[in-house]
A.B. asks: 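This is the structure I have questions about; it appears just below.
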Amino acid sequence: MEVALKQRRRGTSYWAAAWRRFKKNKMAVAGLIYIIIIIIISIFTPWIAPYPYDEPHYAHTFEKPSARFWWGTDDLGRDMFSRNLYAMRNALLIGFGSQIVVLIIGVIIGSIAGFRGGRIDTILMRITDIMYAFPTFLFNVILVTVMGRGLFTILVAVGLTGWAGMARLVRGMVMYLKNAEFVEAARALGAKEGYIIRKYILPNMLGPIIVSLAFGIPNGIWIESGLALIGMGVRPPMPSWGNMIGAGVAYIMAFPHMVIFPVLTFALTLLAFTYVGDGLRDALNPRSEV
Amino acid sequence: MPELLVVKNLKKYFPVRKKLLKAVDNVSFSIEQGETLGLVGESGSGKSTLGRCVLRLIEPDSGEIIFDGVDLRKLKGEELRQRRRFMQIIFQDPLASLNPMMTIGQNIEDPLVIHNIGTKEERRRAVEELLEIVGLGRDLIDAFPHEFSGGQQQRVGIARALALNPKFIVADEPVSSLDVSIQAQIVSLLYELKIRFKISYLFISHDLAVVRYLSDKVAVMYLGAIVEYAPKEELYENPLHPYTRALLASVPKMPKDGERQKRFLALKGEVPSPIDLPPGCRFQSRCEYVMDVCRKQEPAFREVSPGHFVACHLV
Amino acid sequence: MAELLRVNNLKTYFDRYDGVVKAVDGISYKLDYGETLAIVGESGSGKTVSVLSLLRLIKRNGRVVDGEAIFEGKDLLKLSKEEIRQIRGKDISIVFQDPMTSLNPIMRVGMQIMEPILWHRVMSDKEARDRAVELLRLVGIPEYKTRVWDYPFQFSGGMRQRVMIAIALACNPKLVIADEPTTALDVTVRAQILNLLSDMKEEFKTSVILITHDITLAMNFADTIMVMYAGKIAEYSPVERFIRNPLHPYSQGLISSTLDIKAKEGSLRPIPGNPPSLVSPPSGCRFHPRCVYAQDICREQEPEYKEVEDGHYVACHLVKGGKFNA
Amino acid sequence: MGLVRYILRRLFTIFVSIVVVIIITYILMWLAPGEFFNIAQFQASGGRVATLTPEQLQVLIKGFEEKYGLNVPLWKQILNYLKDAFRFKFGPSFSNPNEPIEVQIARRFPVTFTLAILSMALAVIVGIPLGVIAALKRNTWVDYITMFFSMAGSIIPAYTIGVIMVLIFSVWLRVLPTSGWETPKQMIMPVICVALGPMAVIARFMRSSLLDVLNQDYIRTAYAKGGTDRAVIMRHALRNSLIPIVTIIGPQLAFLFTGTVWIENLFRVPGLGQLFVNAASMRDYPLLVTSTFILSLSVMLMNLLVDVIYAFLDPRIKYE
C-alpha cells in the first residue's frame, strides 16, 4: 500500500482516472472517434458535399451508386450522399441542441425540487412523473404542430418533452449530495451555501449528468426521425434521416439503395453515441474498477 | 475549569408517518474545557443525532446549546458560520466524509479557504504541518481520498477538523468502521491530540472500551435520552442503571489471568422501535427488574451522588 | 480427540484488474471433533476466504490453486461439484456475518430452514415442516409456531441471525462455520447470539470455526486460536497456551491494540502502518514492515511455520524454543 | 385494505394527470397558428369551397364551429370535452365528420391492441430468457452477442429495423409480404418489429437484475445450504430478479404504443397508429386530443396494473 501510493504520488484525479478507464473500452473509443469525425464533417458539410441537398437532376432519377453519385440518387435525382451529409448535420444539431434544452430545464427543475424539498418538490415531481409516464411523442407532435417544423423548433420541442429523466436524476443527486457526509463536513467547517454548491455539489453531479446527456443525444436524433417519418420533421427539401427513410420505403422493392444508406448511417450514428454513453457510464463511476 | 459547552433540555423529534420519533428527548449535559464526554449507545439511541444537533448541523426543536458562553441556537447566518471555526466534527465513514473531487491537500486546506485564512503558500505550509501531525507523509498531499486506506482517510478527516484549531470536536463513531490495529492507531492519535491541543471531544461510540480510554465523563443513551451520566471511573466501577450494567456485562473481557468466559450476561430482547414509545421508563421492555411504577411513570434524571446522574426508579 | 478436518498448504488466489490477489497463500491447520477453532485476523487477512475455499463458495474470480482439505477422509478440494454440494449445509454449514442480507427477502423463513433438509433428502416434507418449527424454538424465537411463516423483513437483526443459526443446524452438521456472526449486531444482542452459539454447540455436539476480528472474543470463546495476517497463518495455538504466551509479534500487537474495557489511559500500543497489498506482498516475512522487532532476516527470508511447543505453531524468525527473543 | 385505498388514490392521481394533460393539449392547440377551420381539410373531406360566396362560407364556418363546439370560450371547450371524454364520447373528427371518433377508434383499436399484446408477449417470452442466458453465461461470447443485439435493438428505432427486415425478407428472400394485417404471415414482421425494442430492454434489464441478485449474500447462503445450481437459480435467483422486471414493463408499454405508430404506417396495418398519423398531418385536432387522451389513459392504467402486480409479488411492499 505504502509503495503503491508513493508511485502514484502526483495523484490520479477523478477525470484522469475516468479517461484511463474509458480508454480501456474499445467500442466506446471507436464510437468517440466516429462521432468526432462526423462532427468535423458536419461543420464543413457545405464545402464537402458534392452537390447542394436540394439540387435535382431530372435526367438521373433513381440512379444506383456510381462514380458521379457515390450513394446514388433519389426520386428527384438528388445526390443521396450529399443529402445524407446534410441529414447527419441536422441530426447532430437536433441531438446536441435538444440536450442543451434538456440540461437547462432538467437542472433547474431538478435542483429546485431537490434543494427546496417539501411541497414545491412534491408538485414538481408530480409534473415530472406525468412527463415521464406519458408517451412524450404525442406531445412532440403537438408542439411541432404549434411551433412549426423548423430545425430550431423541433430541437426545442424534443428538449421540452425530454427533460423528465434529467430532472429526476438531478433531484436525486441533489437530495443525496445535500445530506452527504462530506457536504455536512463542509457545512460544519462554516462554508457558505454558494461555496458548497460550487465546490462540493456541482462537481460531484457532473459525471452522471454527462452520462445522461450522452444517452440523450441519440434519443433526440431518434425522436426527430420519428417525427419526420410521419411528416412532422424538418420541412422538405431539407433532408433528415427520417424523411429520407420514409421516402425510400416507398421504392424499397425497386430501388433499395435509397433506403439502405440512410438506414445504415442512422443506425451507426445511434450505436456510436450509445457505446460512448456506455463507456462514459463505466468510466465516470470509480467503483466500476473493483 | 470553565465550562466549554452546556447543553440544556435539547429536543429533536422527527415526524414519521404521522407519528413521532423522539430522536433526542430532553437531553442535558456539560463539557469543561479540555474535557471529553463519551456518549455510549446502541443503534437507534439518537447519539449521532445529538452530536449533530450540538453543532446545529441538524436543527434542534428546542433547548439551549451554550458554547463558550454564547447560545448557538440564537446565532444566525454569518455569526454561526464564524463560530464554526471553534467546533468541528469527525465522521464514522472516512471516505464519505471527504470530497472525492478534491485532493487530500485541498480537502485539508478547505477550512482555511472557507475562512479566508493565510496566503496560498501559508496554507500549503499549514496543510503539510497538519499532515505531519496526523502521521501522514507530506508527499501524499496530491493524492485523492479513494486511493487511501480507511485509516489514512480518517487521518485526513482529523487533519481537516484540526485545521482551524478548534476547541471542541464531535467524533461520531470515528473508529467503528476500521480494523482493530488501525482503530488503535486512530484512538491513540485522538488521545495524543487531546493532550497536546487541549481539545474537548464529544466522543460518540457503541464501544465501551474505546469510550473509557478517551473520556473523562461518560453518558449512556437509550432511545433518545441519557439514562446515566457520571465521571468515567465512577460509571465503569459503579454502574447504577440496569442498562449500563448490562452493557458492561455483555462485552467479552481480555482473559489475561486465564479465566475465560464462555457465556455472557445478555439483556433480553432488542432495542425497540423509537417511534411512539409507551409511557413510563423507556427501558421497561428489556429490564429484568421492571416494576409497576416503571410502566406508568417516567423516572426522573437525578443526581444520586456528586456528578453521578441516573434515570431509574430502582436507584 | 479424533481429527475432523485437516487443511494442508491451501492457496486461494483472486484475479483482479491490477493483478493476482493472493488472499490465502499456503495455510495448514487441523480441527478435531467437537473443537472450537477461532480464526482471527483483520480485513484482507484471508480469514474468511480460507474457510469458504473449503466449500468452494468463493467468488467467480477466485480459485483454489493448491492444497488439500481432508474432511472425514475425503479431500474437499478434489470432490466433484455434486459431492461437495452434498456436504454443504449437511456436514458443514455456515452462519454468515450479515443477517440482513443473507436471507432471501421474499421467501418465508420456514421454507428457508426447510430447504437444506429437503435438498439433502434427510426427511419428508411433512417432517421437515415440524423440524423447522422445532429449530426456531431451539434458537429462541418467541411465538415460533406462527413466526415460522413470516418473511425475514418481519424479524429484527438478532432474530434473523437466530434464523441463520437454525438453518445452519437444520441437518445436524458436523461442522458449523460462523463468519463474524455478531459483527453486524448491536452490543447487547451480540451477547445473546454468542450464548446461543455456545448452547447449540453443546446441544448438537458440532465442531465450530469462528471467524472474527475480535481477539478478545476468540480468546474467551475458542479452544484453539489461529491468527492470520496477509493470507498466512502467523500463529496457531491452544487458547490457554496463547493467553499465557502469545509469541508472534502480530499476535502481541493485536492484543495490545485491542482496547479492553479495563484498559488504562495511555496504555495503548498500536501496531504502526497499514496492511500490505496482497497483489505484491512484502518480501520475507509479510509482517516485517509493521514489526517493531524486524531484522534483516525478516526482510529477506520468509519465516518457516513451525511447531514451537506442543500444538503451538508460529511463523516468526525471532521465536526460538518456545520463546520470543527480540 | 391498504391496497384498495392505494388503488383509489392512484386512480385519482391518474384522473388529475389526464385533466392536466388535456388542458395543456388544448392550450397548445389554441396557441397554434391558423384557423381551426382549414380549407384544405374541408376540401379533403369532400366539401367544395370554390363554388361558395363569402356569405355562404361564413355560414359554413359557423356551422363547422357549432358542430365541433368551437363557438364557446376555451375553458368551456375543455370542460365539455372532458365531460364527454370520461364517458368515452369524443364527437366527430375533422377528417371524418360523419363518424364519431369513438366509432373510428373502436374499429381500429382491436388491431393495435392485438399488435401490442402479441409484441409485448413476444418481448417478454424472448427477452427474459435471453437476459437470463446472458447473465448465466456472463463474459462469454454468448453474453457479448446477446448484449450487442440487445443494445442495437434498444437504440435503433423499430421503424429502421422494420425497413431492414423488409429489405431482407421481402426484397431479397421474398418470403414475407411487405404489408397488410389479415394473415398470420403478414403479422410476423410488424409484431417482431414492435417487440424488438422492449425485448432488448427487457433482456438487458433482466441480465443486470439477475447478475445483481446472483451477487447477493442470500444466493451464497443458498449454495451453502447445499442447493444445486438449478435449485438456487430457480428458487432464489430467478424469482427475486423477476420482480424488478415488472417495473420496467410499464414504461415499455408506453414506448411500445408509440412504436406501433410507425410500424403500422410502414406495414400498412389499419390500426390506431394510422389514424394518429393522419390526425397529425391533417391537423385534425379533435382526433389528436383524443389520441392523447386514450394513450395517456391506457399507459397510466397499465402502470397502475404493473404496480399492483409488483405489490403482490414482493411481500415487503404489502406490509408497508
Side-chain angles (χ1 to χ4, degrees), chain B residues 40-45 135 148-152 175 178-189 191-192 195 206-215 232 236 243 246-273 286, chain C residues 36 40-45 140 142 156-159 185-199 201 213-222 229 239-240 242-244 250 253-275 290:
Chain B
V40 184
E42 294 179 273
S43 58
S45 63
F148 273 26
S149 66
Q152 290 170 311
V175 298
L178 304 174
D179 262 323
V180 182
S181 68
I182 310 299
Q183 262 189 17
Q185 293 175 3
I186 299 294
V187 169
S188 18
L189 174 64
Y191 182 77
E192 189 189 311
I195 304 296
H206 65 272
D207 186 333
L208 292 145
V210 177
V211 167
R212 178 170 200 176
Y213 193 81
L214 279 170
S215 311
K232 172 174 65 176
Y236 282 80
Y243 179 62
L247 271 183
L248 288 169
S250 60
V251 182
K253 298 174 188 53
M254 188 73 82
K256 287 215 172 86
D257 26 13
E259 47 179 278
R260 297 162 57 202
Q261 205 183 348
K262 291 226 176 187
R263 288 192 61 89
F264 306 91
L265 197 133
L267 211 49
K268 65 179 174 183
E270 287 173 55
V271 182
S273 158
R286 301 177 71 192
Chain C
T36 300
V40 183
E42 299 180 86
S43 49
S45 63
S156 63
M159 288 295 156
L185 305 172
D186 263 329
V187 184
T188 51
V189 181
R190 284 181 192 176
Q192 298 171 2
I193 297 297
L194 287 174
N195 290 344
L196 178 66
L197 278 173
S198 292
D199 295 346
K201 188 178 141 49
H213 65 273
D214 185 348
I215 198 162
T216 319
L217 171 64
M219 284 158 81
N220 275 303
F221 201 77
Y229 184 79
V239 164
E240 267 88 11
F242 185 84
I243 292 170
R244 276 199 316 266
Y250 179 65
L254 261 188
I255 293 170
S256 61
S257 288
T258 302
L259 273 165
D260 184 51
I261 199 139
K262 288 179 178 155
K264 287 275 167 296
E265 217 169 282
S267 67
L268 206 50
R269 297 279 172 273
I271 307 170
N274 289 294
R290 302 178 72 188

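In what follows, every heavy atom counts, from backbone to side chain, and hydrogens, waters and symmetry copies are set aside. Below, chains carry the letters A, B, ... as their sequence lines are ordered, and counting in each starts from 1.
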A.B. asks: Using a 4.5 Å cut-off on heavy atoms from C-beta on, say whether the side chain of B/Gln185 contacts that of B/Leu178.
C.D. replies: no

A.B. asks: Sort out for me which of C/Asp214, C/Val187, C/Ile271, C/Ile215 touches chain B most, counting heavy-atom pairs under 4.5 Å.
C.D. replies: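 Result: the option with the highest number of such pairs is C/Val187.
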
A.B. asks: Going by heavy atoms in the side chains, are B/Arg260 and C/Ile243 under 4.5 Å from each other?
C.D. replies: yes

A.B. asks: With a 4.5 Å heavy-atom cut-off, do B/Ile182 and C/Pro275 have their side chains touching?
C.D. replies: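 They are in contact (side-chain heavy atoms under 4.5 Å apart), so the answer is yes.
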
A.B. asks: Side chain from CB out, backbone as N, CA, C, O: work out which of these in B/Lys268 comes under 4.5 Å of a heavy atom of chain C, or both, or neither.
C.D. replies: backbone

A.B. asks: Within the structure provided, determine whether C/Leu185 and C/Gln192 are in side-chain contact (heavy-atom separation under 4.5 Å).
C.D. replies: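 No, their side chains stay 4.5 Å or more apart.
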
A.B. asks: Answer yes or no: is there a side-chain heavy-atom contact under 4.5 Å between C/Tyr229 and C/Leu254?
C.D. replies: no

A.B. asks: Could you check if a side-chain atom of C/Met159 sits within less than 4.5 angstrom of a side-chain atom of B/Glu270, using non-hydrogen atoms only?
C.D. replies: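 C/Met159 vs B/Glu270: side chains touch.
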
A.B. asks: Is the closest side-chain heavy-atom distance between B/Tyr213 and B/Val187 below 4.5 Å?
C.D. replies: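 In contact.
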
A.B. asks: Of the backbone (N, CA, C, O) and the side chain (C-beta and beyond), which part of B/Val271 lies under 4.5 Å from a heavy atom of chain C, both, or neither?
C.D. replies: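 Contact with chain C is through the side chain of B/Val271 alone.
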
A.B. asks: How long is the span from the OG atom in C/Ser257 to the CG atom in B/Asp179, to the nearest 0.5 Å?
C.D. replies: 10.5 Å

A.B. asks: So which residue, B/Ser181, B/Ser250, B/Pro252, ends up with the most heavy-atom pairs under 4.5 Å with chain C?
C.D. replies: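 Among B/Ser181, B/Ser250, B/Pro252, the one with the most close pairs to chain C is B/Ser181.
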
A.B. asks: Side chain from CB out, backbone as N, CA, C, O: work out which of these in C/Ser156 comes under 4.5 Å of a heavy atom of chain B, or both, or neither.
C.D. replies: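 Both parts, heavy atoms under 4.5 Å.
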
A.B. asks: So for B/Val251, is it side chain, backbone, both, or neither that comes closer than 4.5 Å to the heavy atoms of chain C?
C.D. replies: side chain

A.B. asks: Counting only non-hydrogen atoms closer than 4.5 Å, does C/Arg269 touch chain B with its backbone (N, CA, C, O), its side chain (CB onward), both, or neither?
C.D. replies: neither

A.B. asks: Just give me the residue among B/Glu192, B/Gln183, B/Arg286 that pairs up with chain C most often, heavy atom to heavy atom, under 4.5 Å.
C.D. replies: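 Looking at each of B/Glu192, B/Gln183, B/Arg286 in turn, B/Arg286 comes out on top.
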
A.B. asks: At a heavy-atom distance under 4.5 Å, which candidate from C/Ser198, C/Gly158, C/Pro142 has the highest pair count against chain B?
C.D. replies: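 Looking at each of C/Ser198, C/Gly158, C/Pro142 in turn, C/Gly158 comes out on top.
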
A.B. asks: At a heavy-atom separation under 4.5 Å, does C/Arg244 approach chain B through its side chain, its backbone, both, or neither?
C.D. replies: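 Neither part, no heavy atoms under 4.5 Å.
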
A.B. asks: Would you mind telling me which of B/Val210, B/Leu248, B/Ile186, B/Leu208 has the largest number of heavy-atom pairs within less than 4.5 Å of chain C?
C.D. replies: B/Val210

